[in-house]
Amino acid sequence: MLMGYVRPHRWTLLGGALLSLVTGATGLMLPLVARGLIDDLSHDRAITGALIAMSALVVANAALGALGSYVLQRTAESVVLGARRTLSSYLLRLRISAVDRSEPGDLMARITSDTTLLRQVTTDSLVGLGTGGLTLVATVVMMGVVDPVLLAVTLAVILGAGVVLGVIVPHINRASRRAQDAVGVMGASLERVLGALRTVKASGAEHREEETLHRAAEESWRQSVRAAKWSAAAGNTAGLAMQIAFITVLAVGGARVATGAVDVGTLVAFLLFVFYLMAPIQDVVSAITQYQTGSAALARIQEALSLPAEPRSTASSSPVPGTEPAAVSFQDVRFRYADDLPPVHHGVSFEVPAQGMTAFVGPSGAGKTTVFSLIERFYDPEAGVILLDGLDVAQWDLPRLRSSIGYVEQDAPVLSGSLRENLLLGNPEADDGRLAQVLRTTRLDGLVGRLPEGLETLVGHRGTKLSGGERQRVAIARALLRSPRLLLLDEATSQLDAVNEAALRDTVAEVARTTTVLVVAHRLSTVTMADRIVVMDAGRVRAVGTHQELVAADPLYAELAATQFLASTEPTAPDGDGVPGPVAPDGGLRGAIAAP
Ligand code: ADP
Ligand code: MG
């Protein structure tokens with residue numbers, strides 16, 4: 001797993017490790033040269049040569065050491081960069097259904113915090129394992145040359161320590177994993193609170209949210225402390241093993257000296273080797289323990305990378321959308337948001353020809369927004385087909401499919417950034433003339449004119465510095481700037497005042513002459529303008545027709561028209577524009593609704 005991220009940097013990593021080894025070697029040579037220098041001094045010889053050699057070694061040691069550590073750190077950062085790049089590209093391609101099931105704050109923690117832990121794994125862990133392991137092997141070989149019997153004794157002790165470490169190490173892994181999971185929980189709670197801070201404050205829920213945050217922080221602390229405990233135990237096991245090895249070698253070696261199997265010099269040399277073994281063993285053990293933290297983080301990263309993602313673009317094999325209006329068709333579409341949730345669409349069918357306006361009406365929860373989500377292919381239906389221009393949306397290249405569509409979501413999301421960025425989000429190439437024109441038609445020109453920084457004004461997190469109606473108009477302008485072949489408006493004018501709403505209604509009517517427009521509407525004034533109305537209820541299409549037809553033929557529509565639309569139609573809405581007036585509640589129709 002880790003190798004996938006390290007492989008591209010294996011040569012620099014190896015170079016850095018080699019530089020560290022060479023640095024160590026130059027350090028070891030210093031005492032030798034110093035011995036020569038003292039030797040020269042005591043024999044009254046010139047010391048220039050030795051001095052130059054020493055200075056050169058010191059400088060080389062410092063320079064190589066700095067270079068080595070720079071190369072290693074840099075490589076570690078590159079590994080982190082690689083993981084962050086992979087993960088952030090992947091998260092942008094996630095299927096909406098996968099995002100529905102996860103916490104954005106936790107995903108954020110995986111990109112920011114978990115990837116950071118790969119840094120240590122690369123430098124300390126991998127390099128420590130490499131250099132420490134190498135030194136270890138070299139020392140063991142030397143020991144074998146000096147006395148195989150004592151080597152066997154030493155190895156037996158080390159083996160025992162290895163078994164103990166084998167028990168300890170999984171604990172470190174588990175604790176690290178839980179600590180990182182707690183960081184994820186904390187990210188999720190933070191995102192939850194900061195995303196709705198006004199609501200939290202207004203509900204007086206700060207204390208409870210504070211508790212949740214603290215609990216996650218404390219859990220992370222608890223698990224990190226647990227990991228530290230096991231790491232300390234691992235480190236001390238290694239230290240203890242070396243002490244035991246030392247004593248055992250002394251005892252066994254002493255006995256061997258007594259029987260004359262080895263001489264004292266061999267024993268002393270061997271004990272020195274045991275002493276030398278300590279540092280590399282500590283290195284290897286700490287490399288192993290640190291690797292546990294890294295691999296716990298890596299597991300969390302891999303988990304995010306295994307969430308279902310959208311297919312990559314297959315632009316070459318799919319039709320190139322033209323500029324003419326699109327036709328949409330639903331054929332017996334069945335859909336549920338997740339396997340454990342009840343169906344939302346029970347066989348939805350309707351036809352929308354190219355051009356003109358189609359309105360979707362129905363009670364809240366009927367599945368209107370879901371229709372739009374399915375057209376955008378945020379989700380795939382369980383059964384049935386959705387056709388755009390006669391081609392199953394599943395067969396469309398996703399970017400091409402979406403580039404045909406302008407979508408204004410129900411809650412008109414605005415992103416943090418400037419007004420201009422928000423407007424050009426869907427079409428960065430739009431020129432200033434087109435921008436000015438769209439600002440006029442969406443009646444944003446007044447707002448932009450009023451703002452001291454105009455289009456460069458920052459709108460705040462999720463556009464909090466704009467009013468609800470302004471956000472909706474920004475979202476509509478953004479969709480219009482894409483010059484879509486299919487415009488989806490989901491209650492896009494619900495928060496506008498009557499004057500602005502009437503203006504935008506005219507704009508949409510204008511757009512509908514050259515584009516296919518689907519609107520989920522909640523005002524009678526919008527619905528009555530539509531060329532056809534699709535009445536939805538509880539995941540089914542009840543009826544399709546014009547306003548007059550439906551008022552006569554569909555009790556639910558008549559009811560909606562008589563009550564809900566009526567309630568939200570302003571008295572100031574322009575009259576006499578060919579819009580039939582609201583239908584008065586009709587006793588007979590109401591009677592029909594009461595019957596199932
Ligand atoms: P409408 O727009 O007609 O008011 P929706 O299409 O938004 O209705 O929702 C239809 C049903 O699907 C509702 O019962 C809602 O609770 C459910 N629903 C909507 N979005 C999701 C989602 N992302 N995950 C699970 N259920 C959802
Ligand atoms: Mg909706």
Side-chain angles (χ1 to χ4, degrees), residues 91 94-107 188 191-192 195-196 307-310 328 330 332-350 352 357-384 386 393 405-413 468 471-472 475-476 479 486-496 501 508 517-524 526-527 530 532-544 550 554 556-557 559-561 563-565 567-568:
L91 291 189
L94 279 188
R95 302 228 55 174
I96 297 289
S97 52
V99 180
D100 281 349
R101 283 196 302 273
S102 25
E103 286 282 356
D106 179 55
L107 293 178
E191 200 259 353
R192 167 192 144 97
L307 291 173
E310 288 175 336
V328 181
F330 270 52
D332 199 25
V333 170
R334 283 159 208 281
F335 172 71
R336 62 175 89 212
Y337 277 97
D339 294 337
D340 51 350
L341 289 176
V344 171
H345 282 175
H346 314 258
V348 170
S349 304
F350 60 82
V352 174
M357 190 202 296
T358 305
F360 288 80
V361 300
S364 164
K368 306 178 297 291
T369 299
T370 307
V371 166
F372 287 4
S373 300
L374 289 172
I375 296 176
E376 280 273 11
R377 228 187 136 204
F378 294 146
Y379 304 92
D380 286 328
E382 214 168 63
I386 298 159
V393 288
I405 306 173
Y407 180 25
V408 180
E409 278 183 80
Q410 187 158 4
D411 42 8
R471 273 202 294 279
Q472 287 192 326
I476 295 171
L486 174 63
L487 182 61
L488 309 177
L489 301 174
D490 195 348
E491 306 196 10
T493 56
S494 59
Q495 299 190 37
L496 296 188
E501 204 261 337
V508 171
V517 181
L518 309 190
V519 291
V520 172
H522 83 309
R523 293 194 207 215
L524 192 62
T526 309
V527 173
R532 78 197 60 72
I533 300 162
V534 177
V535 186
M536 289 191 71
D537 185 25
R540 288 195 172 79
V541 173
R542 279 179 63 101
V544 182
L550 290 171
D554 188 64
L556 175 71
Y557 184 80
E559 161 87 357
L560 285 171
T563 56
Q564 195 185 322
F565 292 153
S568 54

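All of these numbers come straight from a predicted model, not from anything done at the bench. Counting starts at 1 for both ligands and their atoms, in listed order.
Ring geometry for F330 versus F350: interplanar angle under 30°, hence parallel rather than tilted (30 to 60°).
Put simply, part of A366 is less than 4.0 Å from ligand 1, judged by heavy atoms.
Salt bridge annotation for D339-R336: absent, with no cationic side-chain nitrogen under 4.0 angstrom from a carboxylate oxygen.
Here the side chain of H345 pairs a donor or acceptor atom with the backbone of G367 at under 3.5 angstrom. Judged by distance alone, the side chain of K368 and the main-chain N or O of M536 form no donor-acceptor pair under 3.5 Å. Proximity of a side-chain donor or acceptor of E191 to a complementary backbone N or O of P104 within less than 3.5 Å is not detected. Formation of a donor-acceptor pair under 3.5 Å by the T358 side chain with backbone atoms of R532 is not found in this model.
For ligand 1, the atoms sitting less than 4.0 Å from at least one non-hydrogen atom of T370 are 5 (P), 6 (O), 9 (O), 10 (C), numbered in the order shown with element in parentheses. Contact atoms of ligand 1 toward Y379: 23 (N) (distance under 4.0 Å to a heavy atom of the residue). Close approach of ligand 1 to L341 is summarised as follows: ligand atoms under 4.0 Å from at least one heavy atom of the residue are 25 (C).
Atom 14 (O) of ligand 1 has G365 O, 4.2 Å as its closest protein atom, hydrogens excluded (heavy atom only). For atom 24 (N) of ligand 1, the closest heavy atom belonging to the protein is Y337 CG, 3.4 Å. In terms of protein heavy-atom proximity, atom 11 (C) of ligand 1 is nearest to V344 CG1, 3.8 Å. Nearest protein neighbour of atom 7 (O) of ligand 1, counting heavy atoms only, is T369 CB, 3.4 Å.
With a 4.5 Å cut-off on side-chain heavy atoms, L107 and L307 count as touching.
Of the polar atoms of G367, at least one N or O is found under 3.5 Å from an N or O of ligand 1, judged by distance alone.
Atom 2 (O) of ligand 1 is flagged as protein-proximal [any protein heavy atom, distance under 4.0 Å]. Note that atom 22 (C) of ligand 1 has protein non-hydrogen atoms nearby, at separations under 4.0 angstrom.
For the Mg ion (ligand 2), the tally of protein N/O/S atoms lying closer than 2.8 Å stands at 2.
T370 and Y379 form no side-chain donor-acceptor contact under 3.5 Å, judged by distance and modelled atom types alone.
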* Go through the steps to decide whether Q410 and S494 satisfy the test side chain to side chain donor-acceptor pair (under 3.5 Å), and finish with yes or no. => CA-CA 9 Å; Q410 187 158 4; S494 59; over 6 Å; no
* To do: Decide salt bridge (charged side-chain N to carboxylate O under 4.0 Å, His left out) for D380 and R377; before the verdict, give the C-alpha distance in whole Å, the side-chain angles of both, and the deciding distance to 0.1 Å.
  => CA-CA 6 Å; D380 286 328; R377 228 187 136 204; 3.0 Å; yes
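Of the options D554, V544, V527, a side-chain contact (heavy atoms from CB on, under 4.5 Å) to I533 is made by V527 and by none of the others.
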